[in-house]
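Notes for the one structure printed next.
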Protein chains: 2
Amino acid sequence: MVRQNIKVAVDAVVFGYKDKALHVLLIKRDVEPYKDSWAIPGGLVLENESLEDAVERELKEETNVTVDYLEQLYSFGKPGRDPRNRVVSVTYFGLVKPEHHSIKADTDANDVAWFDINELPELAFDHAVILDMAKKRLRNKLTYEPIGFDLLADKFLFSDLEKLYMTILDKQIDRRNFRKKILSFGILEELKEKISEGRGRPANLFKFNHKQYFKLKEEGFLFDIK
Amino acid sequence: MVRQNIKVAVDAVVFGYKDKALHVLLIKRDVEPYKDSWAIPGGLVLENESLEDAVERELKEETNVTVDYLEQLYSFGKPGRDPRNRVVSVTYFGLVKPEHHSIKADTDANDVAWFDINELPELAFDHAVILDMAKKRLRNKLTYEPIGFDLLADKFLFSDLEKLYMTILDKQIDRRNFRKKILSFGILEELKEKISEGRGRPANLFKFNHKQYFKLKEEGFLFDIK
DNA sequence: ACAAAAGTGTTCGGGTTACACCCATGG
DNA sequence: CCATGGGTGTAACCCGAACACTTTTGT
């Protein structure tokens, strides 16, 4: 058998929710090929690290972001997807809470930036395909796992959650039914704190109760939002 | 950067439904490590073939089976999962119809065989983990995509479909409600042929109507069996 | 007092679930 | 005629969808 010379890389599509819109973390490449193009963060896996470690290391190095949720997305390996070598890329799907949003991205939009999902630049390699798959996964997953909470601050308003769902699912949701449904799960903790955002009646803050969720999950409970 | 020397392999968990039970296709390894252990089919990806091509080639070479459905499952890459080299394995999930069941497997149980999912031998490497993930995927997928039809012959009895669902989901299903539900989708074609399997009233044969399914899917129809 | 956002309850309809009897055939 | 599996209808219930008015605050 001929000696195989395929490189293994990891890439991550990281979503963040800010300014009432869904954003993706991108980096500007400073080497060829696709120099100066925007791309999703990633790089070659080191000899002795796991794939997950590789993703987290690359994210830290390239963007300074720490994800709050990470799962494998898909592996891409068509010959020719990287013009230099044959590269098989194991891609990941990550979520970050606002408080973990990269400082780099906030202060320096030169090589790292959050892009509104609806205002994306051209992407390097086959990254547009990867991003598209990640969007679908996010939309889908949001409906049957409580990953929305990994995009919100620890304490959040119900209206934030509502807006998050409407933004990502791209549809209108009835406020009353949504609240009833979510509250009926019993996985939210209503805090005593109220917050007043300018005009209107002050709103209650909520917290996602991980313990309770895991307990219910053990018992066969299914999170499900249409 | 140090030169990366990671190998890329593909492995496939292939399910078949025979003798009213779910079976998995396994091969007996004839080289070290894990010589004489059973393993899921797979091997290294060649320099110029896609991952899918690699899976299909390996399956053909090792088992003589042609799958009717194939999708990527997950990628495994923890250092040490293969005692020789670092290997990242992109795993796939396949389904075969009875008529495509390997001749090799039927006539020679020495190096290739179908194992009842409930009577599995010890598996090489981390293949037990992979198989487990594949089982979960199958169970899950069965409920929201019509992949059950890729496990049945082209013409099948309703009772076959019923048994398939009960076997894979591992629960009782009400015959009447199940039939009503499936038929209401309008994706089955009732054939004129009836078949009598020994005792009992002869049953009608059905065929899955792919065209109709794709048409409905375009229109937003969702296949869904609880 | 007015605008803005938060909080809450009821009704209706469709779909899922539960359930039992008759039919066609082979032995 | 009996055993075996195939084929069918109806009633109860539950959950999701639709929908509007009151409350609390800032200006």
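Numbered from 1 within each chain, the chains take letters A, B, ... in sequence-line order. Values below: all heavy atoms of this structure, side chains included; hydrogens, waters and symmetry mates excluded.
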Looking at residues 171-193 of chain A, who's got a heavy atom less than 4.0 Å off DNA chain D? A:Asp174, A:Arg175, A:Arg176, A:Asn177, A:Lys180, A:Lys181
Quickly work out the B:Ile195 CD1 to D:dT4 C1' distance and round it to whole Å. 17 Å
Gap between atoms CD and P, on B:Glu162 and D:dG5 respectively (whole Å): 12 Å
For A:Glu219, I'd like to know if atom CD has over 12 heavy atoms of other residues, nucleotides or ligands within 6.0 Å. yes
Whole angstrom value for the distance that separates C1' of C:dA4 from CG of A:Leu157: 15 Å
On the ring face of B:Phe158, is B:Arg179 found with NZ or CZ under 6.0 Å from the centre and within 45° of the axis? yes
Quick one: does A:Asp126's side chain have a donor or acceptor within less than 3.5 Å of a partner on A:Val129's backbone? no
Check each of B:Asp160, B:Asp68, B:Asp154 against B:Lys97 using the salt bridge (charged side-chain N to carboxylate O under 4.0 Å, His left out) test, and report the only one that passes. B:Asp154
Spacing of A:Leu161 atom CG relative to C:dA6 atom P, expressed in whole Å: 13 Å
Phosphate-side-chain proximity, A:Ser159 and C:dA5, N/O vs OP1/OP2 below 4.0 Å: no
From A:Asn140 CG over to A:Ile168 CD1, what is the distance, rounded to the nearest 0.5 angstrom? 12.5 Å
When the ring centroid of A:Phe76 is compared with that of A:Tyr74, is the distance short of 6.0 Å? yes
Between the protein and nucleotides 23-27 of chain D, list every N/O to N/O distance that falls short of 3.5 Å.
from: D:dT23; atom 1: O2; to: A:Arg201; atom 2: NH1; distance (Å): 3.0
from: D:dT24; atom 1: O2; to: A:Arg201; atom 2: N; distance (Å): 3.3

A:Tyr213 and A:Phe149 aromatic centres sub-6.0 Å: no
Which atom pairs, one a donor and one an acceptor, fall under 3.5 Å between side chains of residues 185-208 of chain A and the rest of the protein, sequence neighbours left out?
from: A:Glu190; atom 1: OE2; to: A:Asn204; atom 2: ND2; distance (Å): 3.1
from: A:Glu193; atom 1: OE2; to: A:Lys155; atom 2: NZ; distance (Å): 2.6

Whole angstroms only, please: what is the CD-C1' distance between B:Glu197 and C:dA24? 15 Å
